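All remarks here apply to the structure that follows.
Predicted, not measured: the structure shown is a model, and the values here were computed from it. A note on names: the letters A, B, ... follow the listed sequences, proteins ahead of strands, and every chain is numbered from 1.
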Protein chains: 2
Amino acid sequence: MKEDLYEAMGRLGLRRTVSRMLILGILAEKDTHLSVLRLHQMVTASHPMVNLSTVYRNVAAMTEHGVLHSVEHTGQALFGLAATPHHHLICERCGRLDEVPADELSQAAALLLTAHGFEIEPAGQLLRGRCRRCRHAANGAR
Amino acid sequence: MKEDLYEAMGRLGLRRTVSRMLILGILAEKDTHLSVLRLHQMVTASHPMVNLSTVYRNVAAMTEHGVLHSVEHTGQALFGLAATPHHHLICERCGRLDEVPADELSQAAALLLTAHGFEIEPAGQLLRGRCRRCRHAANGAR
DNA sequence: TTTCGTGCAAATGGTTTGCAGTGGC
DNA sequence: GCCACTGCAAACCATTTGCACGAAA
């Protein structure tokens, strides 16, 4: 998987720099979406000289080339590998981010297209709500 | 409808100030969602002394009390009347924002709940994609 | 008259950019 | 060696906040 990404970078004309490899490694290992700040913190843990703006430019470039994708939560962008087409479920209470395969929402997408002429992005949508754990935790407090 | 809002404000303990009435009037008339900056521009057209931060605080207070609701697009918040429960369809190309009654997506919501234990917000979701016009306009260019 | 709301100006915080130097290819 | 990439520092821009005054209730 990391090999795929490594290849992809070259194929897309993106240079394989230290900082980019670190970012991909982190995202592949953690298998989540992270903010630029958190990515930078994790990168600098081993490579302190890497600048924050470099991380910004890296994720921008890789997002532009489809290697990464991003969603926005509370005014900041979260980046993850764009591997398989999926949407995002973010818990408004704990911030947990889950993924749901894109085709699970294809029926809803079809409905919107026929009823409204609107074609939603086939992946990368952000849906806000409550995760299972927080729903249970809030049962009494509601 | 504006009378309802007027009443609601009092009931909720929100003072009916000039700036708030102007904001509600604009949103009711235009029947769309507007950015704070645009709201401020329209308010100051007739009342130049109203400060931008007042508009910020107004929409914040009214959103908090359920009179308004907001969605975020390209790093800025758009506010609209929270009248009927609906979701949002925003065109990534032209920025046009359409509304879709909340119950049209209830099936998808049920699916997410059973399959992922995740309960999405029953209204106010933002779905990104292409509106009918832009789909047609882009037919040749894709 | 008691809060709540407002104007003003300054601060905040995530993100972007200009520029000169560095390192992939 | 060329040009994309990087570090640094400053700029940006939507939004927030502290404070003293003004106005709904």
Which letter, B, S or -, goes with each nucleotide of nucleotides 16-25 of chain C from 5' to 3', with contact meaning a protein heavy atom under 4.0 Å?
BBB----BBS

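At distances below 3.5 Å, at least one donor-acceptor pair connects side-chain atoms of T114(B) with backbone N or O atoms of A110(B). Of the possible donor and acceptor atoms, none in the side chain of Q76(A) sits under 3.5 Å from a partner among the backbone N and O of E72(A). No donor-acceptor distance shorter than 3.5 angstrom exists from the side chain of T54(B) to the backbone of V50(B), with no hydrogens or angles considered.
Looking at E92(B) and R128(B), a side-chain N of the basic residue comes within less than 4.0 Å of a carboxylate O on the acidic one, giving a salt bridge.
Between chain B and DNA chain D, the heavy-atom contact criterion of under 4.0 Å yields a 5' to 3' nucleotide range of dA14(D) to dA25(D).
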Checking ring pair (Phe, Tyr, Trp, His ring centres under 6.0 Å) for the pair H47(A)/H40(A): CA distance, chi angles, key distance, verdict?
CA-CA 10 Å; H47(A) 293 67; H40(A) 180 243; over 10 Å; no

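No side-chain donor-acceptor contact under 3.5 Å links E104(B) and H87(B).
Ring geometry for H69(B) versus H86(B): interplanar angle over 60°, hence perpendicular rather than tilted (30 to 60°).
Linking ILVMFWY side-chain heavy atoms closer than 4.5 Å, directly or via other members, places V43(A) and L5(A) in a single hydrophobic cluster.
Of the residues listed (L34(B), V71(B), L89(B)), the one engaging L97(B) in a side chain to side chain contact (heavy atoms under 4.5 Å, CB included) is V71(B), and it is the only one.
Protein atom CE of M49(B) is 13 Å distant from nucleotide atom P of dT6(C), rounded to whole Å. Across the protein-nucleic acid pair, E64(B) atom CD and dC4(C) atom P stand 13 Å apart, rounded to whole Å. Taking atom CG on N58(B) and atom C1' on dG7(C), their separation rounds to 12 Å, with Å as the unit.
Under the 4.5 Å side-chain criterion, counting only non-hydrogen atoms from C-beta, K30(A) is in contact with M42(A).
Here, dT3(C) and dG7(C) have their P atoms 23 Å apart, quoted to the whole Å.
Figure legend: cation-pi geometry between R130(B) and F118(A) absent, as NZ or CZ is not positioned both under 6.0 Å from the six-membered ring centre and within 45° of its axis.
Of the residues in residues 30-40 of chain A, not one places a heavy atom less than 4.0 Å from an atom of DNA chain D.
With DNA chain D read from its 5' end, the first of the two nearest nucleotides for E72(B) and V50(A) is the one closest to V50(A).
Here N51(B) does not reach the OP1 or OP2 of dA9(C): none of its side-chain N or O atoms lies under 4.0 Å away.
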